[in-house]
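Chain letters run A, B, ... following the sequence lines, proteins first and then strands; every chain starts at 1.
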Amino acid sequence: MQLENKKHCSCIIGYACINETLARTKPKSQAICVNRGMIKKTFEQRGLPYAGQLALQNLYDLEKIVRWNYAHGIRLYRMSSDMFPWASEYKIEQLPNASKIIDQLNKVGQLVKEYQQRLTFHPGQFNVLVSLSDRVVQNTIKELEFHAAVMDYMQLPQTAYAKINIHLGGAYGDKVASMKRFCKNFMLLSESVRSRLTVENDDKRSMYTVQDLYTGIYQEIQIPIVFDYLHYLCNPGPLSEREAFLLAYNTWPKDIEPIFHVSESKKILEPHAPLHAHADYITKCVDTYSKKVALMLEAKAKELAVQKYQELCC
DNA sequence: CATGGTCAAGTGGCA
DNA sequence: TGCCACTTGACCATG
């Protein structure tokens with residue numbers, strides 16, 4: 001069974017945000033980091049000039065991570081949503097050092113293209129396109145547009161190849177009505193966001209299964225579904241893993257390899273940890289049911305987990 | 001320079 | 001009712 005898996009395992013394996021090896025560069029002042037930020041008080045005191053400074057430093061380090069990934073054969077990487085501190089409060093063009101930032105985005109984008117890498121985003125839990133509050137929906141739109149603008153400056157494709165993946169974020173006791181709101185609010189987004197947006201199945205029982213997303217989202221607006229193996233385990237719905245996997249797989253355009261999420265529960269090693277807590281490494285190869293998919297590992301050991309998974313499964 | 005308290009945002013689950 | 005966990009710990013005041 002393990003061997004069977006090995007044969008079909010895709011070797012496009014990626015990780016999210018932090019590169020542990022580079023983050024541990026000594027001395028600490030030279031640690032490579034893409035999520036320099038600040039607390040509210042500091043933002044109020046120092047404003048856009050400091051936000052721009054931090055963002056530019058984050059982008060210089062993004063370039064280092066992209067180069068490191070190339071040198072180590074890693075072709076999938078999720079960018080941090082914290083590269084731009086307080087991004088909801090401004091547009092890139094309003095930063096005093098915008099031209100430097102745009103040049104750097106362009107440079108990293110060219111590099112990514114040359115290296116044939118795939119970069120994605122996964123905006124945070126505050127993005128709730130289904131919210132009942134108009135303020136929350138408006139903030140979500142702003143945030144998603146910011147992510148898309150960053151990708152546009154990098155000249156990444158306006159397709160799910162450069163996906164911006166989100167959860168629906170709320171059910172309010174009525175998933176069907178909530179999904180209708182998602183589809184309605186989806187139309188308020190620019191083409192730059194719409195063309196990249198994907199949705200992911202949830203781990204909570206009251207939230208969205210692959211089946212829910214297929215009928216409520218995909219059949220309405222045809223955006224791809226990201227299948228998360230651990231979330232499926234926590235909240236499978238009526239389908240077997242194979243059925244859920246294939247249903248999600250079929251929502252992707254034929255010329256774009258789906259990206260699916262893999263993590264292992266910490267519960268395996270620490271019985272008291274909650275089921276959805278992520279472990280450091282992935283120790284079992286997932287079944288990709290004879291399909292080619294790219295796997296985004298959500299493991300605390302980051303790029304080290306990628307290398308370990310590749311040895312084990314590819 | 002090391003440490004620990006604290007940190008924007010939304011939602012659901014749990015004590 | 002108030003904390004915790006999410007896609008990732010990091011900032012910063014204090015000693």
Table please: side-chain donor-acceptor pairs of residues 166-181 of chain A below 3.5 Å, with sequence neighbours left out.
unit_1, atom_1, unit_2, atom_2, d
A:H167, ND1, A:D202, OD1, 2.8
A:H167, NE2, A:E200, OE1, 3.4
A:D174, OD1, A:V176, N, 3.3
A:D174, OD1, A:A177, N, 3.1
A:K175, NZ, A:M207, O, 3.1
A:K175, NZ, A:D212, OD2, 2.9
A:S178, OG, A:A171, O, 2.9
A:S178, OG, A:D174, O, 2.9
A:S178, OG, A:R181, NH2, 3.1
A:R181, NE, A:V130, O, 2.7
A:R181, NH2, A:V130, O, 2.9

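Apart from A:F126 itself, the hydrophobic cluster it occupies contains nothing, where clustering links Ile, Leu, Val, Met, Phe, Trp and Tyr at side-chain heavy-atom distances under 4.5 Å.
For the contact set between residues 54-64 of chain A and DNA chain C, defined by any heavy atom under 4.0 Å, there are no members. Shown for residues 36-46 of chain A: residues whose heavy atoms fall under 4.0 angstrom of DNA chain B, namely A:I39, A:K40. A heavy atom lying under 4.0 Å from DNA chain B marks none of the residues of residues 177-196 of chain A. Near DNA chain C, meaning a heavy atom under 4.0 Å from it, residues 66-83 of chain A has A:R78, A:D82 in order of number.
Residue A:H167 is classed as a sugar-phosphate contact, given heavy-atom separations below 4.0 Å to backbone atoms only. Contact annotation for A:N139: no contact, since no heavy-atom pair falls under 4.0 Å across all strands.
A:Q222 pairs by the side chain to side chain contact (heavy atoms under 4.5 Å, CB included) definition with A:Y218, not counting sequence neighbours. For the salt bridge (charged side-chain N to carboxylate O under 4.0 Å, His left out) test, no residue two or more places apart in sequence or in another chain qualifies with A:E143. Residues that satisfy the ring-ring contact (aromatic ring centres under 6.0 Å, His included) test with A:F121, not counting sequence neighbours, are A:H147. Contacts of A:D152 classified as salt bridge (charged side-chain N to carboxylate O under 4.0 Å, His left out), with partners at least two apart in sequence or in another chain: A:R196.
Taking both residues in full, the closest heavy atoms of A:I13 and A:L297 are given as CG2-CG, 3.6 Å, listed atom of the first, atom of the second, then distance.
The ring of A:F126 lies on top of the base of B:dA9, close enough and flat enough: under 5.5 Å between centres, under 30° between planes.
Side-chain contact, A:T209 with A:N201: no donor N or O sits under 3.5 Å from an acceptor N or O.
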Mind listing the N/O atom pairs, protein and nucleotides 11-15 of chain B, below 3.5 Å?
unit_1, atom_1, unit_2, atom_2, d
B:dT11, OP1, A:S131, OG, 3.0
B:dT11, OP1, A:Y172, OH, 2.4
B:dG12, OP1, A:A171, N, 2.9
B:dG12, OP1, A:Y172, N, 2.8
B:dG12, O3', A:S206, OG, 3.1
B:dG13, OP1, A:S206, OG, 2.6

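For A:R135, no side-chain nitrogen or oxygen approaches OP1 or OP2 of B:dA9 to under 4.0 Å.
Remark: DNA chain B takes part in the stems B:1-7 with C:9-15, B:10-15 with C:1-6, each of 3 or more antiparallel Watson-Crick or G-U pairs, criterion distances under 3.5 Å.
Ring to ring, A:Y281 and A:Y309 are not that close: their centroids are 6.0 angstrom or more apart.
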